[in-house]
Amino acid sequence: MPKRYWLLKSEPESCSIQDLARAKQQTTCWDGVRNYQARNFMRVMKLGEQAFYYHSNVAPPCIVGIVEIVKEAYPDHTQFDPKDKHYDPKSKMNSPTWEMVDVKLVEIFPRPLALEELREVAALEGMELLRRGSRLSVQPVSPEQWKTVVRLAKRKQ
DNA sequence: GCCAACGTTGGC
DNA sequence: GCCAACGTTGGC
């Protein structure tokens with residue numbers, strides 16, 4: 001399996017990339033995903049693969065940095081916690097429905113790349129994030145798209 | 001706060 | 001299996 005690239009959405013209100021930078025080991029578990037497609041992508045993530053960190057539900061929505069998979073898919077404990085927002089009463093202990101991965105901060109971009117700006121990049125046409133109505137919170141990014149975004153992030157202003 | 005675009009649920 | 005109703009996501 002060739003190395004793949006990903007994009008993870010997070011509402012900064014719950015966990016911004018700055019929060020991640022302050023976290024123990026700069027690592028967090030990606031819990032709370034309750035969408036099958038997103039879960040299936042997490043299941044195939046491999047150690048060392050990288051993902052863009054995206055801030056959603058804020059103005060402006062933007063890609064803010066890079067994280068790395070430091071633990072492959074394992075059961076998301078919040079599905080069994082009745083007090084948790086993401087509690088899933090239908091999920092069984094012996095066959096958990098939902099999984100998560102651990103991610104570690106790699107870098108925060110010198111400047112955030114706003115969605116609006118990304119929409120204007122021809123090479124990113126077709127990127128899942130830019131698709132109208134796209135809501136997928138865990139999504140694949142092609143190597144070409146990855147390279148393009150990284151290049152944009154490093155470009156001097 | 002609005003609402004389009006989804007995904008899920010459940011009656012039939 | 002269809003599809004209307006509902007809940008959620010997330011840009012704007």
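All chains are named by letter (A, B, ...) in the order of the sequence lines, taking the proteins before the strands, and each is independently numbered beginning at 1.
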Tabulate atom names and distances for all N/O pairs under 3.5 angstrom spanning the protein and nucleotides 3-9 of chain C.
unit_1	atom_1	unit_2	atom_2	d
C:dT8	O2	A:Arg135	NH1	2.8

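- Cluster partners of A:Met93 are A:Phe80, counting Ile, Leu, Val, Met, Phe, Trp and Tyr whose side-chain heavy atoms approach within less than 4.5 Å, directly or via other members.
- A straight line from CG of A:Leu8 to C1' of C:dG10 spans 16 Å, rounded to a whole angstrom.
- In this structure, A:Met100 shares a hydrophobic cluster with A:Tyr74, the cluster being traced through Ile, Leu, Val, Met, Phe, Trp and Tyr side chains under 4.5 angstrom apart.
- A tilted orientation is assigned to the rings of A:Trp6 and A:Phe41, their planes being inclined by 30° to 60°.
- Legend: salt bridge (charged side-chain N to carboxylate O under 4.0 Å, His left out) pairs involving residues 51-63 of chain A, not counting sequence neighbours: none detected.
- Contacts classified as salt bridge (charged side-chain N to carboxylate O under 4.0 Å, His left out) and involving residues 90-99 of chain A (residues at least two apart or in different chains) are given here: A:Arg43-A:Glu99.
- Axis angle between the ends of the helix from B:dG1-C:dC12 to B:dC12-C:dG1, five pairs each and rounded to 10 degrees, works out to 10°.
- Sorted by first then second residue, the salt bridge (charged side-chain N to carboxylate O under 4.0 Å, His left out) pairs that include residues 74-87 of chain A, not counting sequence neighbours, are A:Arg34-A:Asp76.
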Expected list for residues 55-66 of chain A: side-chain donor-acceptor pairs under 3.5 angstrom, two or more places apart:
unit_1	atom_1	unit_2	atom_2	d
A:His55	NE2	A:Ile17	N	3.0
A:Asn57	ND2	A:Glu11	OE2	3.1

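- Residue A:Ser134 is the one, among A:Lys90 and A:Ser134, whose nearest nucleotide of DNA chain B lies closer to the 5' end (criterion: closest heavy atom).
- Under the salt bridge (charged side-chain N to carboxylate O under 4.0 Å, His left out) criterion, the residue pairs touching residues 125-153 of chain A are A:Glu128-A:Arg131, with sequence neighbours excluded.
- Spacing between atom CZ of A:Arg131 and atom P of C:dG10 amounts to 12 Å, rounded to whole angstrom units.
- Distance, A:His55 NE2 to C:dG11 P: 12 Å, rounded to whole Å.
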